Amino acid sequence: MLPHLRNVFCVECGRETEKLYDGMCIDCYIKKHNFFSIPVIDIAICKECGAYRIGGKWYRKDIEERLMEYIEGKIEKEIDCDAEINIEKGEIICRGEFGGVEIKRRLPLKMRERHILCDRCSLKKGGYFEAVLQVRKKNLKKEMQEIEGIINRKIDEMNTFISKRENRREGIDYYIGSKKAAAAAAKEIKESFNAEMKKSSSLIGMKDGKELYRDTYMVRLPEYGKESFFKEGERLYRVISVGKKIEMKSLDGVKKSVYREEMEKMKKVEIRTKEADVLHEEKDGLYIMDRENFKTYFVNKPKNWKGNKRIKIVEWNDNIYVIE
Ligand SMILES: [Zn+2]
Ligand SMILES: [Zn+2]
């Protein structure tokens with residue numbers, strides 16, 4: 001007689017069944033079985049900057065997304081799992097299928113958080129820097145916001161930091177955690193302000209048989225821009241354009257173009273341009289009125305005056321000059 005293959009019984013409920021799973025009918029097996037589990041999730045949070053260390057790496061952006069991915073990867077599963085992770089509630093709902101039966105399991109999600117310093121913040125705290133960015137100009141007040149904007153953007157983009165900022169008589173020094181960021185910031189400042197840039201490196205030691213260099217970027221902003229004035233002899237020149245050479249024009253119409261280095265020979269004069277209204281035109285001159293103090297003057301008619309009602313003037317040695 002052939003053995004009666006169909007005559008098997010569940011060790012749990014005693015029910016007769018076609019197929020056994022670990023000695024059990026499918027219902028008992030599913031009831032007794034978890035299918036999914038999740039270990040305690042360890043993460044570290046930087047107490048300085050709030051970065052998260054997830055699976056050995058520090059993240060400052062898209063933290064929730066990274067965390068979800070990491071948790072999902074940590075689920076131990078015997079069958080495919082469609083996971084619904086709820087960090088706030090501290091639970092994961094896993095859905096799957098076994099032997100044609102839908103499986104749904106609610107797993108408690110336990111997270112262990114440690115508050116430490118991230119790699120970046122601990123370097124910063126230790127005063128670490130790879131490069132010094134020296135911004136040079138006698139008075140940086142006007143440019144400050146733009147300069148710091150550039151530096152902070154590069155620092156952010158390259159995931160580094162400023163470990164120290166030092167005000168000096170000749171400008172400001174920034175001690176920066178990454179050479180690349182310092183180089184990028186220096187380049188952008190150079191381009192934005194038409195500044196002069198110099199790089200130097202100094203050997204600071206050895207590491208793993210390699211020489212370690214620290215870079216210094218010096219960006220010198222021109223002490224002049226368009227509309228600044230310089231004196232040479234008895235002549236007052238106004239800067240018209242700043243490029244490789246500085247183009248200038250004197251109040252009496254003499255043009256001059258000099259290289260940057262030559263600018264040092266000229267004396268800067270603090271003069272502000274003002275606006276004036278043209279009141280009346282004469283054959284060889286104009287009656288004008290200073291818009292700030294309403295004083296009226298008679299001035300020589302500028303060669304290229306085209307009948308415009310408003311002109312720019314400067315006051316120099318008790319005289320009023322029209323500049324175009
Ligand atoms: Zn059973
Ligand atoms: Zn940090």
Side-chain angles (χ1 to χ4, degrees), residues 42-67 70 111-223:
D42 276 303
I43 52 167
I45 301 169
C46 176
K47 52 190 173 191
E48 276 297 302
C49 70
Y52 273 62
R53 191 178 63 192
I54 303 162
K57 258 192 92 181
W58 287 99
Y59 295 98
R60 289 172 186 85
K61 279 182 207 143
D62 310 320
I63 290 167
E64 193 168 331
E65 220 179 301
R66 298 275 161 270
L67 198 52
Y70 181 69
M111 310 245 283
R112 204 157 37 203
E113 290 176 4
R114 281 193 308 139
H115 293 265
I116 57 171
L117 279 177
C118 72
D119 43 8
R120 197 172 87 177
C121 291
S122 55
L123 283 174
K124 182 178 173 176
K125 275 230 154 145
Y128 176 89
F129 64 98
E130 287 182 0
V132 185
L133 174 57
Q134 304 177 319
V135 181
R136 295 290 178 259
K137 188 176 182 257
K138 281 198 193 98
N139 186 348
L140 277 164
K141 239 192 228 146
K142 264 200 319 208
E143 297 87 354
M144 210 56 248
Q145 207 187 344
E146 194 178 340
I147 288 172
E148 304 235 308
I150 292 172
I151 297 175
N152 288 330
R153 187 154 38 76
K154 294 296 172 196
I155 294 275
D156 234 44
E157 276 171 23
M158 301 195 188
N159 196 14
T160 181
F161 52 85
I162 301 172
S163 59
K164 197 164 63 168
R165 179 187 185 278
E166 251 177 19
N167 281 308
R168 300 178 165 278
R169 209 159 45 89
E170 62 273 26
I172 303 172
D173 288 356
Y174 296 90
Y175 292 76
I176 294 175
S178 131
K179 287 182 184 184
K180 271 191 188 160
K187 188 166 169 262
E188 195 169 326
I189 294 168
K190 172 186 182 259
E191 281 160 10
S192 296
F193 294 96
N194 214 337
E196 192 190 339
M197 186 176 91
K198 272 184 198 146
K199 183 197 169 186
S200 57
S201 297
S202 54
L203 184 66
I204 51 160
M206 301 282 285
K207 195 188 175 190
D208 307 327
K210 268 179 145 178
E211 290 176 328
L212 275 186
Y213 286 91
R214 184 169 285 159
D215 294 344
T216 300
Y217 290 89
M218 197 271 289
V219 265
R220 188 179 295 283
L221 274 62
E223 294 291 339

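None of the values given here were measured: they were computed from a predicted structure.
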Do [Y] and [X] meet the salt-bridge criterion of a basic N to acidic O distance under 4.0 Å?
X: Lys137; Y: Glu143; value: yes
X: Lys57; Y: Asp119; value: no
X: Glu188; Y: Lys190; value: no
X: Glu64; Y: Arg66; value: no

Is any side-chain heavy atom of [X] less than 4.5 Å from a side-chain heavy atom of [Y]?
X: Asn159; Y: Arg60; value: yes
X: Ile150; Y: Ser192; value: yes
X: Lys199; Y: Asp215; value: yes
X: Met197; Y: Arg220; value: no
X: Met206; Y: Leu212; value: no
X: Cys118; Y: Glu48; value: no
X: Arg168; Y: Arg136; value: yes

Under the criterion side-chain contact (heavy atoms from CB on, under 4.5 Å), which of [options] is the partner of [X]?
X: Tyr174; options: Glu148, Gln134, Lys164; value: Glu148
X: Phe193; options: Val135, Ile147, Val219; value: Ile147
X: Asn167; options: Asp173, Ile172, Leu140; value: Ile172

Legend entry - Distance-minimising heavy-atom pair for Ala182 and Ala131: CB-CB, 3.5 Å
Inset, instruction - Check Leu117 against Trp58 and note the closest heavy-atom contact, atom names and distance. - result: O-CZ2, 4.0 Å
[atom1]-[atom2] distance between [X] and [Y], expressed to the nearest 0.5 angstrom:
X: Ile189; Y: Lys154; atom1: CD1; atom2: NZ; result: 10.0 Å
X: Ile176; Y: Phe161; atom1: CD1; atom2: CZ; result: 10.0 Å
X: Lys125; Y: Ser163; atom1: NZ; atom2: OG; result: 13.0 Å
X: Ile54; Y: Tyr59; atom1: CD1; atom2: OH; result: 6.5 Å
X: Leu221; Y: Asn139; atom1: CG; atom2: CG; result: 11.5 Å
X: Ile151; Y: Arg165; atom1: CD1; atom2: CZ; result: 8.5 Å

Legend entry - Ile162 vs Asn152, side chain to side chain contact (heavy atoms under 4.5 Å, CB included): CA-CA, chis, key distance, verdict: CA-CA 9 Å; Ile162 301 172; Asn152 288 330; 3.8 Å; yes
Legend entry - Backbone of Thr160 reached by a side-chain donor or acceptor of Ser178 within 3.5 Å: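 Between the backbone of Thr160 and the side chain of Ser178 there is no qualifying donor-acceptor contact (under 3.5 Å).
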Legend entry - Check: Lys179 side chain, Tyr213 main-chain N or O, donor-acceptor pair, under 3.5 Å: yes
Inset, instruction - Could you give me the CA-CA distance, side-chain angles and deciding distance for Arg53 and Asp42, then say whether side chain to side chain contact (heavy atoms under 4.5 Å, CB included) is met? - result: CA-CA 9 Å; Arg53 191 178 63 192; Asp42 276 303; over 6 Å; no
